[in-house]
Amino acid sequence: MSLLAELKRRNVIRAAGLYLVGAWLLVQVAGTVLPWFDVPQANLRGLVLVLAVAFLPAMIISWVFELTPSGLRRDEDVPAQDSMAPQNAKRMDRLILIVAIIGIGYFAFDKFVLAPGRDAVLVTQTAAHVTAKINTEKSKLDPRSIAVLPFINMSQDKDNEYFSDGISEELLNVLVRVQGFNVASRTSSFAFKGRELGTTEIAKALKVKYILEGSVRKQGDQVRITAQLIDAASDRHLMSQTYDRKLADIFKIQDEIANAIVTAVRGSVDDTSRGKAVTVAADTSNLDAYQSYLKARELFLARTSLEESMHLFEHAVELDPRFARAWEGLSALYSIAPGWGITDRDYDALAAASAKRAIALDPERALAWAVLGQNETNAKIPNWQAGLALLDRAVKTDPRNTTAILWRSMTWMELGYFERAIADQDLCIRLEPKYLHCSTMKATSLLFVGRTRESLGLYEHSLMAGATQHHQFMFLMPRVMAGEQLEALTVFQLAGMDRALAIAMVAGLSDRTRQPQRIDALVAAIRSRLGSTPEELMFDADDGSYRVDMCLWLRDFYCLANAPKVSAAFLEHWMPGIPGLRASAGFKRVLDKLNVPAYWRAHGYPPQCHAVGANDFTC
């Protein structure tokens with residue numbers, strides 16, 4: 001007899017059909033009934049799993065045993081004439097039919113009676129869940145938060161874009177001073193300039209409730225400013241006004257817009273701000289000076305055409321010598337000029353004089369205090385205590401001034417207090433997430449404390465976001481040590497280094513054995529190629545500084561010890577991963593020349609250094 005015939009004779013196929021139909025009906029009923037009693041969904045999955053596992057044993061039983069009037073007996077023990085298989089087959093056919101009819105009836109009852117009610121409950125629950133989620137997202141937004149997007153330049157002269165951007169920032173700065181308002185930073189808001197995104201998407205990205213947008217049309221002595229305040233959570237316009245005025249009324253317009261905004265969202269502002277008018281300080285009555293200032297500031301912030309920006313700031317203070325903000329901007333530009341290769345004047349002295357002039361006119365000019373702090377720490381013999389006190393004064397004057405916070409963090413880095421630097425850099429990033437210079441400086445600090453992988457990740461992320469390759473050479477050593485020789489070679493060549501020299505440098509950095517003889521030979525070869533002395537080798541004619549990076553990587557500390565110009569701002573003396581550097585005479589000479597150990601003895605040593613006797617130290 002064939003297997004199929006035997007399966008039919010023993011009713012195994014019928015048993016399988018009855019089992020499957022019954023199991024399906026059981027699962028359907030359980031799926032409807034169990035939720036009524038709040039039985040966890042896992043129990044239903046357990047039932048399905050048990051039924052699936054039990055299927056095979058059930059089929060084995062139906063093959064081995066036969067149901068007889070005296071109970072279950074092994075099939076082989078039942079004589080053919082006494083077999084109940086035919087009768088059992090008929091009973092099973094009837095049972096399959098009955099269960100199938102019950103199943104079909106249940107299916108119809110469930111679809112046309114139970115399902116509509118269940119679907120209605122599901123829709124209600126889903127709607128409630130979605131509403132709760134939306135309300136939760138809304139509750140996460142600070143009800144007092146606002147972002148000022150760059151106003152669109154509608155003037156026929158496209159060069160007037162500096163004016164529309166300037167008006168946007170002026171309004172932002174006004175709202176920052178309104179107690180109870182949390183205003184998204186300029187770098188965060190202006191990151192959406194020119195991007196085709198709706199206000200809801202922008203508000204979500206910036207985590208703010210309100211968006212202020214608008215346009216500026218300037219022609220001759222006439223200006224039209226349109227401002228719209230949008231509640232992004234409900235996509236509802238709270239205010240939309242157009243101001244047609246003479247340019248001379250520009251500060252009054254800013255005043256009116258700011259007060260209209262505060263009035264529109266008054267319910268969200270702290271009680272202390274309600275009913276108080278917003279006042280916009282004119283700063284200058286000379287419109288030409290004001291426009292020159294706005295254009296200079298935009299160029300300065302973009303770090304483009306710094307010479308032109310300097311000329312415009314100087315023109316602004318020439319037109320109005322009492323224009324405090326222009327003096328402050330000029331002092332900041334003078335302060336950074338040498339770092340950008342502008343060295344035709346004594347910019348340290350000019351920065352200090354301009355900052356003092358700004359403070360004399362307005363003591364609340366935080367950036368001017370920061371410039372004075374920078375002057376103290378960048379002096380030939382730095383006064384760290386005075387510099388930090390001035391930087392603290394700047395941050396206290398304006399706790400949101402990320403430039404002052406960043407400069408203070410860099411002072412901590414120069415002194416070797418890297419954890420303090422990271423704390424300031426985290427604060428800077430929290431206030432202005434798009435301030436990429438804060439991110440690259442934090443990456444450098446992380447490198448100095450040994451968090452190399454995290455440091456490289458943050459640095460690469462910052463570069464991809466558009467940061468300049470600031471301190472790029474700091475990251476070459478860890479790249480080479482991580483086996484990224486090609487990336488290091490590319491950085492050398494992008495910096496303008498001769499290809500043969502770049503290859504020699506990567507080869508020297510990759511030499512993990514670091515045999516002194518081989519290093520000396522490489523240094524000699526480089527000197528032979530570029531010059532006979534470390535000074536000629538390291539001199540950078542573009543900015544007048546001495547690059548000691550290459551000597552340090554190759555453990556030739558002579559150039560560090562004898563470089564005629566030493567500045568804390570270069571930070572080469574803290575470069576990690578260079579065996580023998582911090583024990584070298586050059587390292588101690590640089591720190592002594594920078595007056596660092598004196599500060600340590602008065603204020604405590606950083607974690608990586610400690611005193612040796614009364615006048616010595618080791619790191």
Side-chain angles (χ1 to χ4, degrees), residues 148 162-163 165-179 183 185-186 247-255 258 277-302 306 308-337 345 347-376 387 389-408:
V148 181
Y162 78 90
F163 188 79
D165 284 350
I167 294 302
S168 307
E169 186 170 358
E170 293 286 87
L171 289 168
L172 185 153
N173 291 332
V174 170
L175 293 173
V176 163
R177 297 196 297 271
V178 177
Q179 186 174 352
V183 185
S185 67
R186 180 192 192 277
L247 193 57
D249 294 329
I250 189 65
F251 296 108
K252 291 181 181 178
I253 299 174
Q254 294 173 27
D255 192 304
V278 178
T279 302
V280 177
D283 280 2
T284 181
S285 59
N286 190 311
L287 287 177
D288 289 335
Y290 182 63
Q291 293 186 79
S292 183
Y293 164 77
L294 289 182
K295 192 168 187 178
R297 185 177 64 183
E298 288 305 307
L299 294 174
F300 173 66
L301 291 171
L306 289 181
E308 183 182 355
S309 176
M310 189 182 298
H311 171 74
L312 289 165
F313 273 130
E314 290 171 341
H315 184 57
V317 297
E318 182 183 349
L319 291 172
D320 184 357
R322 299 191 59 79
F323 194 178
R325 275 196 294 168
W327 281 112
E328 178 187 46
L330 182 59
S331 72
L333 180 48
Y334 282 155
S335 181
I336 70 165
R345 291 186 276 173
Y347 286 104
D348 289 339
L350 289 170
S354 301
K356 290 175 183 177
R357 185 67 179 272
I359 291 169
L361 293 167
D362 181 1
E364 297 303 306
R365 303 270 40 111
L367 192 55
W369 288 111
V371 168
L372 292 179
Q374 281 284 88
N375 250 43
E376 294 289 348
L390 288 163
L391 288 166
D392 287 342
R393 172 73 181 266
V395 175
K396 185 178 180 180
T397 301
D398 182 2
R400 293 178 59 92
N401 192 307
T402 49
T403 298
I405 295 167
L406 178 62
W407 286 358
R408 187 174 65 180

Excluding sequence neighbours, so at least two apart, what forms ring-ring contact (aromatic ring centres under 6.0 Å, His included) with Y347? Y334
The criterion is ring-ring contact (aromatic ring centres under 6.0 Å, His included); which residues satisfy it with Y290, sequence neighbours excluded? F251
Residues in side chain to side chain donor-acceptor pair (under 3.5 Å) contact with S185, at least two apart in sequence or another chain: T187, S188
Run the side chain to side chain contact (heavy atoms under 4.5 Å, CB included) test on E298 and K295 for me, step by step, so that the C-alpha distance in whole Å, both residues' side-chain angles and the decisive distance to 0.1 Å come before the verdict. CA-CA 5 Å; E298 288 305 307; K295 192 168 187 178; 5.9 Å; no
Write down the atom of [X], the atom of [Y], and the distance for their closest heavy-atom approach.
| X | Y | answer |
| --- | --- | --- |
| A366 | N401 | CB-ND2, 3.9 Å |
| A355 | S331 | N-CB, 3.4 Å |
| W327 | P321 | NE1-O, 2.8 Å |
| A394 | A404 | CB-CB, 3.8 Å |
| W407 | Q374 | CE3-CG, 3.1 Å |
| V183 | L172 | CG1-CG, 3.8 Å |

With sequence neighbours excluded, give me every side chain to side chain donor-acceptor pair (under 3.5 Å) pair touching residues 354-373. E328-R365, D362-R365
Ring geometry between F323 and Y293 (parallel below 30°, tilted from 30 to 60°, perpendicular above 60°): tilted
Return yes when atom CZ of R400 has more than 12 non-hydrogen atoms of other residues, nucleotides or ligands closer than 6.0 Å, and no otherwise. yes
Please identify each residue that fulfils side-chain contact (heavy atoms from CB on, under 4.5 Å) with I405, with sequence neighbours left out. V395, D424, L427, C428, L431
State which residues pass side-chain contact (heavy atoms from CB on, under 4.5 Å) with N286; sequence neighbours excluded, sorted by chain then number. T284, D288, A289, L319, D320
Before accepting this row, confirm whether a basic side-chain N of the pair R345/E314 lies closer than 4.0 Å to the acidic partner's carboxylate O. yes
So CG of N375 and CG of L390: to nearest 0.5 Å the spacing works out to 9.5 Å
Just verifying a value: how many Å separate L330 CG and L312 CG, rounded to the nearest 0.5 Å? 11.0 Å
